[in-house]
Amino acid sequence: MRRFLKSLLNLRQARQIARSAQGNSVRTAANSNSPILRNAIDRAALRSIYSWRTSKQTQHAPSTRLSALSRSMGVNANVVPRTVVSPHHQLSFDNKRVYIPWDEGVTSSYHNIWLRDSCQCSSCFHPITKQRLINTFSIPTTVHPESVEALDAGLKILWANDGHESFYPWDWLHLHSYQPVLEKHLSFRRVLWSRGDVQDDPPVVEFANVMESDAGVAEWTSKIKLYGFCFVENVPVTPDDTEKLINRISFARQTHYGGFWDFTSDLAKNDTAYTDLALGLHTDGTYFTDPPGLQLLHLLHHNGSGGESVLADGFKAARVLREEAPEHYKTLSRIRIPAHSAGNEDVCIRPATTSRPILNHDEATGELVQVRWNNDDRSTMDRWEGGDPDVDVIRFYEAIRKWHEIVTRPEIEYWFKLRPGRALIFDNWRIMHGRSAFDGERRLCGAYINMDDFDSRMRLTNLGREAVLKYL
Ligand SMILES: C[N+](C)(C)CCCC[C@H](N)C(=O)O
Ligand SMILES: O=C(O)CCC(=O)C(=O)O
C-alpha cells in the first residue's frame, strides 16, 4: 500500500494507472486524452488507491540450473524479477502508448509503434532464424490498439489498423521495459588478480572434460570470463588435438598469420613473435580494428633455456593506475595510439577506423572493456588531438611510463613456464602476455578466436539458449 501510494505521487503515473481504473473490463477506451476525461482519470487515480483487487499473479521461479551456474559466474540471474502485473490496476493505452502497472509500484509505458514493431508472433518474427519479418515501414505512425487484454501469461493487443493480434509475455515486457528501465541485462563478473592470487592455484580445466561435453566447455569459458585466462591440462601434444581443443569454443580467427598456427623462431612471418627475442607484456592485434578476443598457446617442445611466459591482468593494472594516478588513467583512456603490422611484404595492417586508446571503455556504461597495449607495434604518433602537443606529448610519455611501471611490478606479473600438454588460453582484450628470450628450438601452436564468437559460446553453454535469447 505504501509503495503504491508513493507511486501515485507521480501524477503522470497516477493518470496512467487511473486509465486502467476506468470501467471494469480489461478492455479500455481507445483514447483517454480528452481534458474532461483526464480530470476524471486523476480523480479515478486517487480513488483507485482503495480499489485494490486480487488477481492471478504471474510469477516466474528462477530456474535452478540458471541460478546455480550464473551464481558461479556472478551473473545476476538468481535475482529473478517479479514480473507481476498489479492486481489492483488494469492496463491502459492511448493513441501513443500502452501502460502496464506492475505490482512493484511502477508503471511501464511502451510506444505503440515500438510494440507493433516488436511483435514476436511467427508472422512478424521468424521463429527459427530469430529475425524480424514484419516490414517496419508498413506500420502506420499512428498505429494504436483497438483493445488490450491482460491474460495470465501476458498482454494481448488487437491492433486497430489491421486487426493484427500480438501477444507479449509479461516477463518479456518487464525485461524490455525502457520507460522506466526495470531490469539489467546480463553482465558477467570478473575476478581481477595479482600474481599472488593465481600462481599457486591458477584456473585450470581438463582436456577430456572440454572435449566430451558442453558442460566442460561451459566450465572452460566461464573460467576464461572470470579470470581472463585458463590452462587446459592433459592436452595431447599435437597440433591436431590442440586445434580440436580450440574448436570446442569456435573456429579460429583468420589473420595474416594464418588461422591455426604452428610456429617457431624462424621468422616465417616477419614479426618478433617468430624470433627468440624477449617480448614485453603486450596484447596482440592492436593494429586491428577488432583485436583478437582470445589467444590459445600450446608449447609443443623447447630444447633450450629461457622462454618463460608472463601474464598480467590489464584490468587489475588499470584499477591500480586509476587509484595511484587518475590523471594518467584519463590520458591513457583518451590518447589514441596508432599501430601497425607491416613486417610481411604483402601486409600493412592498421585500424580501418581511427586508432584506439590503451584503455577503452563501453560508451554506454563507462566500464573498462578493452586494454590495447603493445609498445613495439605502436606507430609514429604525429596527431595529438588534445590540441596542444606540448602538453599531450609529455603527458603521454609520463602516463605510459607509469603504466609500464605498474604492469611490470612483481606482484602484478605472473611468470611461469609453458609446458607440452598444458595449453594456455587468455582474453586478449584484458590479459597482457609476454615471454623471456630463449635459445634452442621452441615450437608452439595455437589460434585466435574472435571475442564475439567466444562471448556467444560462453553465454550459450553457461546459461542455455532460452535464457540468452530472452535478452535479444
Ligand atoms: C600468430 N602468433 C600469435 C604466433 C604471432 C602473433 C604476433 C602478434 C603481434 N606481435 C602482436 O602483438 O599483435
Ligand atoms: O612465444 C610465446 O611464448 C608468445 C609469443 C607471443 O607473445 C605472441 O605470439 O603474441
Side-chain angles (χ1 to χ4, degrees), residues 228-229 231 235 237 239 242-243 246 251-312 314 337-344 347-351 355-356 358 370-379 404 407-408 413-451:
F229 76 103
F231 290 108
V235 181
V237 187
T242 307
E243 187 167 16
I246 190 87
F251 46 83
R253 153 88 171 257
Q254 288 289 337
T255 69
H256 53 301
Y257 306 113
F260 184 81
W261 347 285
D262 183 343
F263 67 104
T264 184
S265 51
D266 60 0
L267 268 183
K269 298 289 181 186
N270 294 335
D271 183 283
T272 47
Y274 296 77
T275 72
D276 56 9
L277 297 170
L279 299 176
L281 280 170
H282 67 282
T283 60
D284 278 16
T286 50
Y287 38 76
F288 286 120
T289 301
D290 173 31
L294 300 185
Q295 179 169 178
L296 181 135
L297 294 170
H298 184 195
L299 180 75
L300 297 174
H301 75 254
H302 178 204
N303 54 12
S305 61
E308 282 82 20
S309 297
V310 59
L311 296 180
I337 314 289
H340 64 267
S341 176
N344 293 4
V347 166
C348 181
I349 294 187
R350 311 188 69 182
S355 45
R356 302 289 306 158
I358 291 165
Q370 188 183 68
V371 171
R372 298 167 75 124
W373 172 248
N374 189 322
N375 205 45
D376 300 345
D377 293 355
R378 174 164 54 85
S379 307
H404 178 259
V407 301
T408 55
E413 291 187 330
Y414 166 44
W415 282 92
F416 57 93
K417 198 124 169 65
L418 285 173
R419 60 173 189 262
R422 191 181 209 228
L424 163 68
I425 194 165
F426 55 88
D427 176 344
N428 181 60
W429 285 20
R430 165 184 170 187
I431 303 294
M432 296 170 285
H433 65 287
R435 73 174 184 221
S436 62
F438 62 91
D439 57 31
E441 194 183 293
R442 182 172 182 270
R443 183 184 165 204
L444 296 95
C445 66
Y448 291 134
I449 285 194
N450 288 316
M451 186 57 87

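Just the heavy atoms: all of them, side chains too, but no hydrogens, waters or symmetry mates, feed the values below. Count residues from 1 along the sequence. First listed ligand is number 1; within each ligand, the first listed atom is number 1. In this text, all values refer to a predicted model and were calculated from it rather than measured experimentally.
- Contact record, C348 with A342: SG-CB, 4.1 Å, taken as the closest heavy-atom pair.
- Residue-ligand proximity, H282 to ligand 2, at heavy-atom distances under 4.0 Å covers atoms 7 (O), 10 (O).
- Checked by distance only, ligand 2 and H433 come closer than 3.5 Å through their nitrogen or oxygen atoms.
- Nearest heavy-atom pair, L311 versus H433, reported as atom, atom and distance to 0.1 Å: CD2-CB, 3.7 Å.
- With hydrogens left out, the protein atom closest to atom 4 (C) of ligand 2 is L297 CD1, 3.9 Å, a heavy atom.
- In this structure, H282 contributes its side chain and M432 its backbone to no donor-acceptor pair below 3.5 Å.
- Atoms of ligand 2 found under 4.0 Å from any heavy atom of Q295 (numbered from 1 in listed order, with element): 8 (C), 9 (O), 10 (O).
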At less than 3.5 Å, what protein N or O atoms come close to the N or O atoms of ligand 1? Include the distances to 0.1 Å.
{"unit_1": "ligand 1", "atom_1": "10 (N)", "unit_2": "D271", "atom_2": "OD1", "d": "3.0"}
{"unit_1": "ligand 1", "atom_1": "10 (N)", "unit_2": "D271", "atom_2": "OD2", "d": "2.9"}
{"unit_1": "ligand 1", "atom_1": "12 (O)", "unit_2": "D284", "atom_2": "OD1", "d": "3.2"}
{"unit_1": "ligand 1", "atom_1": "12 (O)", "unit_2": "N374", "atom_2": "ND2", "d": "2.8"}
{"unit_1": "ligand 1", "atom_1": "12 (O)", "unit_2": "D377", "atom_2": "OD2", "d": "3.4"}
{"unit_1": "ligand 1", "atom_1": "13 (O)", "unit_2": "G285", "atom_2": "N", "d": "2.6"}
{"unit_1": "ligand 1", "atom_1": "13 (O)", "unit_2": "Y287", "atom_2": "OH", "d": "2.7"}

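- Applying the 4.0 Å criterion to heavy atoms of D284 picks out, from ligand 2, the atoms 8 (C), 10 (O).
- Between F260 and A447, the closest heavy-atom pair is CD1-CB, 4.0 Å.
- Side-chain atoms of S436 come within 3.5 Å of backbone atoms of G307 as a donor-acceptor pair (strictly under, hydrogens ignored).
- Put simply, the side chain of N428 never gets that close to the backbone of Q295: no donor and acceptor are under 3.5 Å apart.
- No donor-acceptor pair closer than 3.5 Å links the side chain of R350 to the backbone N or O of S355.
- The distance from ligand 2 to the heavy atoms of R442 drops below 4.0 Å at these ligand atoms: 1 (O), 2 (C), 3 (O).
- The contact set between ligand 2 and L279, taken as ligand atoms under 4.0 Å from a residue heavy atom, comprises 5 (C), 6 (C), 7 (O).
- Checking side-chain atoms of T264 against main-chain N and O of R442 turns up a donor-acceptor pair under 3.5 Å.
- For F231 and F416, the gap between ring centers is short of 6.0 Å.
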